[in-house]
Amino acid sequence: MTQAEQQRALLNDHLERVQARVHKLEADLTAVVRTRRNQSDDDEHDPEGETLSSLWSMQAGLLEAARADASQAKDAMQRLEAGAYGICISCLEPIPIGQLEVRPFRERCVPCTS
């Protein structure tokens, strides 16, 4: 497998996982919102468990982070199509595949991020 094929496979895998996470979090948030509509507005005084308000807030934050990851993955895929993926934007040297495996949407090599 060539380096370009490795990079494409890496990005496709990452993008699929991120998109699956976004879909799951969207479904989870929808379920919380639906439950919240059917419950009392005052769930802050329930002594047992997590409140729906805090659960809603947490799910919304997780979804926002997952959507940001998906956006970064799509941007990386565009760089791949343009032939610029895996090239550090600071030093213009190739980013080692091991670094891309850790952060597939990486734009800088480790030395340039310091």
Side-chain angles (χ1 to χ4, degrees):
M1 182 180 281
T2 67
Q3 184 172 352
E5 291 170 335
Q6 271 185 305
Q7 291 173 338
R8 183 174 300 283
L10 178 73
L11 274 179
N12 281 330
D13 181 56
H14 180 70
L15 186 56
E16 285 175 15
R17 283 185 283 123
V18 169
Q19 288 175 329
R21 192 173 78 208
V22 166
H23 292 302
K24 182 189 179 317
L25 287 167
E26 286 173 340
D28 291 349
L29 184 58
T30 298
V32 170
V33 169
R34 192 175 309 123
T35 300
R36 174 72 187 209
R37 284 189 191 135
N38 295 330
Q39 298 285 324
S40 165
D41 285 340
D42 184 19
D43 69 348
E44 299 298 322
H45 296 97
D46 183 359
E48 295 183 26
E50 196 170 33
T51 65
L52 288 175
S53 297
S54 64
L55 186 58
W56 186 341
S57 178
M58 181 185 69
Q59 291 291 330
L62 291 171
L63 178 57
E64 184 178 329
R67 285 179 175 158
D69 285 351
S71 177
Q72 288 178 322
K74 288 176 185 174
D75 289 346
M77 189 64 79
Q78 288 176 341
R79 288 194 308 276
L80 179 72
E81 297 300 329
Y85 180 74
I87 305 296
C88 176
I89 62 172
S90 295
C91 68
L92 303 177
E93 293 295 321
I95 298 171
I97 193 72
Q99 292 178 23
L100 293 171
E101 287 172 348
V102 174
R103 284 190 70 214
F105 45 83
R106 178 182 295 280
E107 293 181 301
R108 288 181 174 82
C109 62
V110 170
C112 288
T113 59
S114 303

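The first residue of the sequence shown is numbered 1, and numbering continues consecutively from there.
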Kindly indicate, with the supporting measurements, whether the criterion side chain to side chain contact (heavy atoms under 4.5 Å, CB included) is fulfilled by I87 and E93.
CA-CA 6 Å; I87 305 296; E93 293 295 321; over 6 Å; no
Do L100 and V18 land in one hydrophobic cluster if side-chain heavy atoms of ILVMFWY residues count as linked below 4.5 Å?
no
Identify the two heavy atoms, one from A60 and one from L29, that lie closest to each other, and give their separation to 0.1 Å.
N-CD1, 4.1 Å
How long is the straight-line distance from NE2 of H23 back to CG of L63, given to the nearest 0.5 Å?
10.5 Å
H14 side, atom NE2; Q19 side, atom CD - distance, nearest 0.5 Å
10.0 Å
Are any non-hydrogen side-chain atoms of C91 and P111 less than 4.5 angstrom apart?
no
Can you find a heavy atom in the side chain of R8 that is under 4.5 Å from one in the side chain of E81?
yes
Give, for atom CG of L25 and atom CD of E64, the distance between the pair rounded to the nearest 0.5 Å.
12.0 Å
When rounded to the nearest 0.5 angstrom, what is the spacing between CD in Q72 and CD in E107?
8.0 Å
Where is the tightest heavy-atom contact between A73 and L11, given as atom of each residue plus distance?
O-CD2, 4.5 Å
Side-chain heavy atoms of T2 within contact of Q6, under 4.5 Å
no
Quick check against the 3.5 Å criterion: does Q99 have a side-chain atom that pairs as donor or acceptor with the backbone of V110?
yes
Which residues pass the side-chain hydrogen bond (donor to acceptor under 3.5 Å, both in side chains) test with D75, sequence neighbours left out?
none
Between R21 and E16 (salt bridge meaning N to carboxylate O under 4.0 Å), is one present in this structure?
no
T113 and R108 side chains, donor-acceptor separation under 3.5 Å:
no
Give, for atom NZ of K74 and atom CZ of F105, the distance between the pair rounded to the nearest 0.5 Å.
14.5 Å
Would you mind reporting whether Q7 and M1 have side-chain heavy atoms less than 4.5 Å apart?
no
Salt bridge present between R67 and E26 (N-O < 4.0 angstrom):
yes
Quick check: does any side chain N or O of Y85 sit under 3.5 Å from a backbone N or O of P104, one acting as donor and the other as acceptor?
yes
Shortest non-hydrogen pair, A70 vs V22, comes out as CB-CG2, 4.4 Å
